[in-house]
Amino acid sequence: MKPTIRALSLQELAVLIDWAAAEGWNPGLDDAAAFQPTDPEGFIGAFVGNELVAAISAVAYGGKFGFIGLYICRPDMRGQGHGKAVWSAGTARLAGRTVGLDGVAAQLANYRRKGFKPAYETIRFSGRTAIPSVRSDGVRAISTQLVPDIIAYDARCFPAPRRAFLHRWSQPPHVGFAAISSLGTIGYAVARPCRSGYKVGPLFADDTETAMQLLGSLAGACEGGDLHIDVPADNIDFTTALAAIGFRPTFTTTRMYKGTPPKADSRRIFGVTTLELG
């Protein structure tokens, strides 16, 4: 039966998040509510009758950039073309933009055939080892007053403006900190509670010392739970620092783009925001 393709409601997006949990992706507890307002039409499902059988996120950030994630077909409905149907709908929605995604090794050849090219590898580090005390005099919990500053800083590190997203992403139940110096904001980080532990993202900072300060503040606020952070593999100083305090690599993906790779200050990217929305 040919599926019906349409945008997901908030409740249907919550079902997709549950599918992601079943796949072992460890989504955030509040992801449906946090993701959906970013682009309400950007979460697309295939329905057979009234049943959701496949889905994808194809979130547009303005007219120049988009990101694909949450690409799942229900296990009992695989092999019937439903995944291909939502992929086609999602990529059509983002036509004319540079499009990013994070691919696992088993799917890289498939994405290459679809025109995506690797940009860098991302390694997930996980751990709960106490982070050594470092000077953190300038690290402050993100308040409403600080959000405009982190929006400005984020613009250096992310390919497109995402003001509304950051207003939600930096507020409870998420935990967020900003690093402030005499020069202004020099970094910020957010952790969100997940099915297991907390995922850190984004973690953007001027240097490794500031990144470690922010990570230490998050670790304290998360009360000893496991932290998971997706780090660009070429950030050797930071991956070395994480290994030194007991964090271990647990998962690897490759960031890929179709179209002109976006400009961003990669030196400041210590942890990507999410594998679902970029």
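Applying the ring-ring contact (aromatic ring centres under 6.0 Å, His included) test to Y71 and every residue at least two apart in sequence or in another chain returns W87. Listed by chain and number, the residues in a ring-ring contact (aromatic ring centres under 6.0 Å, His included) with F238 are F270 (sequence neighbours excluded). In this structure Y257 satisfies the side-chain hydrogen bond (donor to acceptor under 3.5 Å, both in side chains) test together with R255, sequence neighbours excluded. Qualifying salt bridge (charged side-chain N to carboxylate O under 4.0 Å, His left out) partners for R156, counting only residues two or more places apart in sequence or in other chains: none.
Defined by atom type and a distance below 3.5 Å, a donor-acceptor pair is missing between the side-chain atoms of R124 and T253. Judged by distance alone, the side chains of T260 and T98 never bring a donor and an acceptor atom under 3.5 Å apart. Side-chain N/O atoms of T210 and D207 include a donor and acceptor closer than 3.5 Å.
Distance check: C73 SG to Q80 CD gives 7.5 Å after rounding to the nearest 0.5 Å. Distance check, rounded to the nearest 0.5 Å: OG1 of T252 to CD1 of I123 gives 5.5 Å. Distance check, rounded to the nearest 0.5 Å: OH of Y111 to CG of D102 gives 9.5 Å. Of the inter-residue distances, the one linking T185 atom OG1 with L146 atom CG reads 6.5 Å to the nearest 0.5 angstrom. To the nearest 0.5 Å, atoms CZ (F177) and CG (L214) are separated by 9.0 Å. The CZ atom of R192 sits 9.5 Å away from atom CG of L29, with the distance rounded to the nearest 0.5 Å.
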List the steps and the verdict of side-chain contact (heavy atoms from CB on, under 4.5 Å) for S126 and D226.
-> CA-CA 7 Å; S126 300; D226 283 337; 5.8 Å; no
Hey, mind stepping through I269 and V231 against side-chain contact (heavy atoms from CB on, under 4.5 Å) and telling me if it holds?
-> CA-CA 8 Å; I269 302 174; V231 184; over 6 Å; no
Criterion side chain to side chain donor-acceptor pair (under 3.5 Å) on D206 and Y153, from CA distance to verdict | CA-CA 10 Å; D206 279 10; Y153 194 89; 2.6 Å; yes
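In plain terms, the two heavy atoms of K199 and E276 that are nearest each other are NZ-OE2, 4.3 Å. For the pair G271 and F204, the tightest heavy-atom approach, listed with the atom from each and the gap, is O-CE2, 3.6 Å. Annotation for E12 and A7: closest pair OE1-O, 4.1 Å, computed over non-hydrogen atoms. Of all heavy-atom pairs between L166 and Y188, the closest is CD2-OH, 3.4 Å. Nearest heavy-atom pair across A241 and M212 is CB-SD, 4.0 Å. Nearest heavy-atom pair across A20 and P27 is C-CD, 4.2 Å.
Checking side-chain atoms of K258 against main-chain N and O of K114 turns up a donor-acceptor pair under 3.5 Å. Between the D230 side chain and the T122 main chain, no donor and acceptor come within less than 3.5 Å of each other. D18 places no side-chain N or O within 3.5 Å of a backbone atom of V15 that could act as its donor or acceptor partner. Distance alone, capped at 3.5 Å, is enough to place a donor-acceptor pair between the R97 side chain and the R93 backbone. In this structure, T91 contributes its side chain and S88 its backbone to a donor-acceptor pair below 3.5 Å.
In this structure, L242 is a member of the same hydrophobic cluster as L203, with clusters built from ILVMFWY side-chain heavy atoms closer than 4.5 Å. Under the 4.5 Å side-chain contact rule for hydrophobic residues, V200 and V190 do not share a cluster. Both M256 and V99 belong to a single network of hydrophobic side chains, linked directly or stepwise wherever heavy atoms of I, L, V, M, F, W or Y lie under 4.5 Å apart. Hydrophobic clustering of Ile, Leu, Val, Met, Phe, Trp and Tyr side chains at less than 4.5 Å, counting indirect connections, keeps M77 apart from I5. Cluster membership for L8 and W25, using ILVMFWY side-chain heavy atoms within less than 4.5 angstrom, is shared.
Side-chain contact between I72 and R78 is present, with at least one heavy-atom pair separated by less than 4.5 Å. Side chains of I180 and R140 form a contact here, defined as non-hydrogen atoms less than 4.5 Å apart. Between P202 and W169, some side-chain heavy-atom pair lies under the 4.5 Å cut-off. By the 4.5 Å heavy-atom criterion applied to side chains, I142 and I150 are counted as neighbours. With a 4.5 Å cut-off on side-chain heavy atoms, T273 and R162 count as touching. The shortest distance between side-chain heavy atoms of F116 and R112 does not fall below 4.5 Å. Proximity of L227 to R128: side-chain heavy atoms (C-beta onward) are nowhere separated by under 4.5 Å. Using a 4.5 Å heavy-atom threshold, the side chains of F251 and L275 count as touching.
Sorted pairs that involve residues 170-182 and meet side chain to side chain donor-acceptor pair (under 3.5 Å), not counting sequence neighbours, are lacking altogether.
For the pair R168 and F165, the cation does not sit on the ring face, since its NZ or CZ is not both under 6.0 Å from the ring centre and inside 45° of the axis.
In the displayed structure, R163 atom CZ is contacted under 6.0 Å by at most 12 heavy atoms of other residues, nucleotides or ligands.
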Review item, side-chain donor-acceptor pairs of residues 40-69, under 3.5 Å, at least two apart:
residue	atom	partner	partner atom	Å
E51	OE1	R74	NH1	3.0
E51	OE1	R74	NH2	3.2
S57	OG	G69	N	3.1
S57	OG	G69	O	2.8
Y61	OH	L277	O	2.8

